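Reminder, nothing fancy here: chain letters follow the sequence lines and each chain counts from 1. Hydrogens, waters and symmetry mates play no part in the numbers below; they use all other heavy atoms, side chains included. All values reported here derive from a predicted model rather than from experimental measurement.
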Protein chains: 2
Amino acid sequence: MPAPTPASSPGPAGSVRRRVGRPTAAVLDQDGITTAALELISSKGYDGLTMAALARSLGVAPSALYNHVASKDDVLLLVEDHLAAMVDVTAFGVEPWDVAVRRWAWSYRDVFSEHTPLIPVIAVLPVANAPKTLAMYEAVTAGFRDAGFPEEKIISAIVALEAFVFGAAYDVTAPEDIFDAGNLAEQVPNFTAAVDRLALERHARPTDVAFRLGLEALITGFGALRG
Amino acid sequence: MPAPTPASSPGPAGSVRRRVGRPTAAVLDQDGITTAALELISSKGYDGLTMAALARSLGVAPSALYNHVASKDDVLLLVEDHLAAMVDVTAFGVEPWDVAVRRWAWSYRDVFSEHTPLIPVIAVLPVANAPKTLAMYEAVTAGFRDAGFPEEKIISAIVALEAFVFGAAYDVTAPEDIFDAGNLAEQVPNFTAAVDRLALERHARPTDVAFRLGLEALITGFGALRG
DNA sequence: CCAATAAATGAATGGCATTCATTTACATCC
DNA sequence: GGATGTAAATGAATGCCATTCATTTATTGG
């Protein structure tokens, strides 16, 4: 069963006339690719995101994608930029600085904890080709400046917070028993005791407790820098 | 030029008698694989670390590796555990708590900033099969406990510090101009100004400044939790 | 001495991103 | 309105990769 091609006039029965060459209207564009990639990721995960699968979901040959993106990393960058727009920066300039940072960091972590395979790509790729990501940075930077942050420390503070957020995003995806020492437990008594002790606290997800603990320390520490 | 096999008695000239089957003494073991992997990584980087290249550097067929490791991820776990032993935990129990944390976190970041491709693997894999990693956690946990940390908060604090360390390790590898907004600079004036302002400070690497800023905030914040 | 096992080989396998020659519909210019 | 150029598709290769498997054989344990 060939992929349906909207405006093709099929030939005589038995011979399917396949559309070749420039179509009436471009089937593909970066928005469509981004959307299809996101759907694929949410249904099959990042392992299912292959150029072949992406092309299939768009009813197109894999090679056709390369007319619109330079590489698979390019697709990942498109996805990343889309996600950056979902991070909540609306509190900056409206709520107090600490509230705004808290909202931003939690939503940043939540968005990317579902997309950790992007992190190695984001962390290294220049931001120039990611307009929505840049817009996020702009909002956060403005929020810090308006809160009285010394200008030469703003980027450092954001970088530090972002590092924490990315690391914490991984932590969200870790299996619950990641700290189970198994048969080596006897050799690490202090560690085992601390892990067991934490397990008794049944208030919130351990990953959320750790994130809150670290985030509050960063907010308190950075808040003291404001002029 | 075939790989030399120590105790093989070559056949007549023109026909090289290759060793097949169980050798006199096992050529491979996990230590040897780990060492070879580390050498390969340091010479060719993680892109050069393929099972084929690893086997070649050991003078062995790729399939032979699978008698000693279950998968490539298994190799990465061996490497990770080796690196964990290089992280400096010697200050715990000797120096004051804050000094020890500082030394641990800086060395942890420095070690893994050269090995960021391991991070996605570490962050998710149970610790039970990584004895040296466990030993590191044990030393850190004991240090926190002896410093008067409430036991139910120790793991959370370590997890938070580790998240920050992993994120910061990525940051070390980022290109210098990662925050260059390019032709979109006009649309993000606050961000651009802050980036430019930071560039004027020529004291230390920006990545180190950000790491110090975040780490000191975490140490101060967590230090207040001690009983 | 014999059977079991551990440890190697090399030849598949299947999946992957990416490249390339080719084709064709549309837009533009003369 | 016809020629020309170009954007956008095709599908067939390419080369790399991790992993599997049947096979072989030296050593070890009963």
Participant: Nearest-Å distance, CZ (R56(A)) to P (dG11(D))?
Facilitator: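 R56(A) atom CZ is separated from dG11(D) atom P by 14 Å.
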Participant: Do you know which of I41(A), D74(A), V121(A), I33(A) makes side chain to side chain contact (heavy atoms under 4.5 Å, CB included) with V79(A)?
Facilitator: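 Testing V79(A) for a side chain to side chain contact (heavy atoms under 4.5 Å, CB included) against I41(A), D74(A), V121(A), I33(A) leaves exactly one candidate, I41(A).
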Participant: Which one, dA11(C), dA9(D), dA8(C), comes nearest to the side chain of H68(A)?
Facilitator: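 Output: dA9(D).
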Participant: Using the six-membered ring wherever Trp is involved, compare the ring planes of F112(A) and Y108(A) and label them parallel, tilted or perpendicular (cut-offs 30° and 60°).
Facilitator: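 Because their plane-to-plane angle is over 60°, the rings of F112(A) and Y108(A) count as perpendicular.
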Participant: Can you pull out every ring pair (Phe, Tyr, Trp, His ring centres under 6.0 Å) where at least one residue sits in residues 174-199 of chain A? Sequence neighbours excluded, please.
Facilitator: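 For residues 174-199 of chain A: F179(A)-F191(A), F179(A)-Y137(B), F191(A)-Y137(B).
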Participant: Could you tell me whether E176(B) atom CD has more than 12 heavy atoms of other residues or ligands within 6.0 Å of it?
Facilitator: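 Open.
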Participant: If you only use heavy atoms from C-beta on, which nucleotide in dG10(C), dA8(C), dC20(C) is closest to the side chain of S63(A)?
Facilitator: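 Selected nucleotide: dC20(C).
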Participant: Measure from CG on L65(A) to P on dC16(C) and round the result to the nearest Å.
Facilitator: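 Going from L65(A) (CG) to dC16(C) (P), I get 14 Å.
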Participant: Which pairs with one or both residues in residues 34-45 of chain B pass side chain to side chain donor-acceptor pair (under 3.5 Å), sequence neighbours excluded?
Facilitator: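 Sorted pair list comes back empty.
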Participant: Would you say the side chain of L77(B) lies within less than 4.5 Å of the side chain of D73(B), judging by non-hydrogen atoms?
Facilitator: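 When only atoms from C-beta onward are counted, L77(B) and D73(B) do not touch, as no gap falls below 4.5 Å.
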Participant: Report all interatomic pairs (protein N or O, nucleotide N or O of nucleotides 15-18 of chain D) with separations under 3.5 Å.
Facilitator:
{"residue": "dA18(D)", "atom": "OP1", "partner": "M51(B)", "partner atom": "N", "Å": "3.3"}
{"residue": "dA18(D)", "atom": "OP1", "partner": "K72(B)", "partner atom": "NZ", "Å": "3.1"}
{"residue": "dA18(D)", "atom": "OP2", "partner": "M51(B)", "partner atom": "N", "Å": "2.9"}

Participant: Could you tell me how far apart I33(B) (CD1) and dA8(C) (C1') are, to the nearest whole angstrom?
Facilitator: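 It works out to 13 Å between those atoms.
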Participant: Within the modelled atom types, does a donor on one side and an acceptor on the other bring the side chain of N67(B) and the base of dA6(C) under 3.5 Å apart?
Facilitator: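 When only heavy-atom distances are counted, N67(B) does not reach the base of dA6(C) through any donor-acceptor pair under 3.5 Å.
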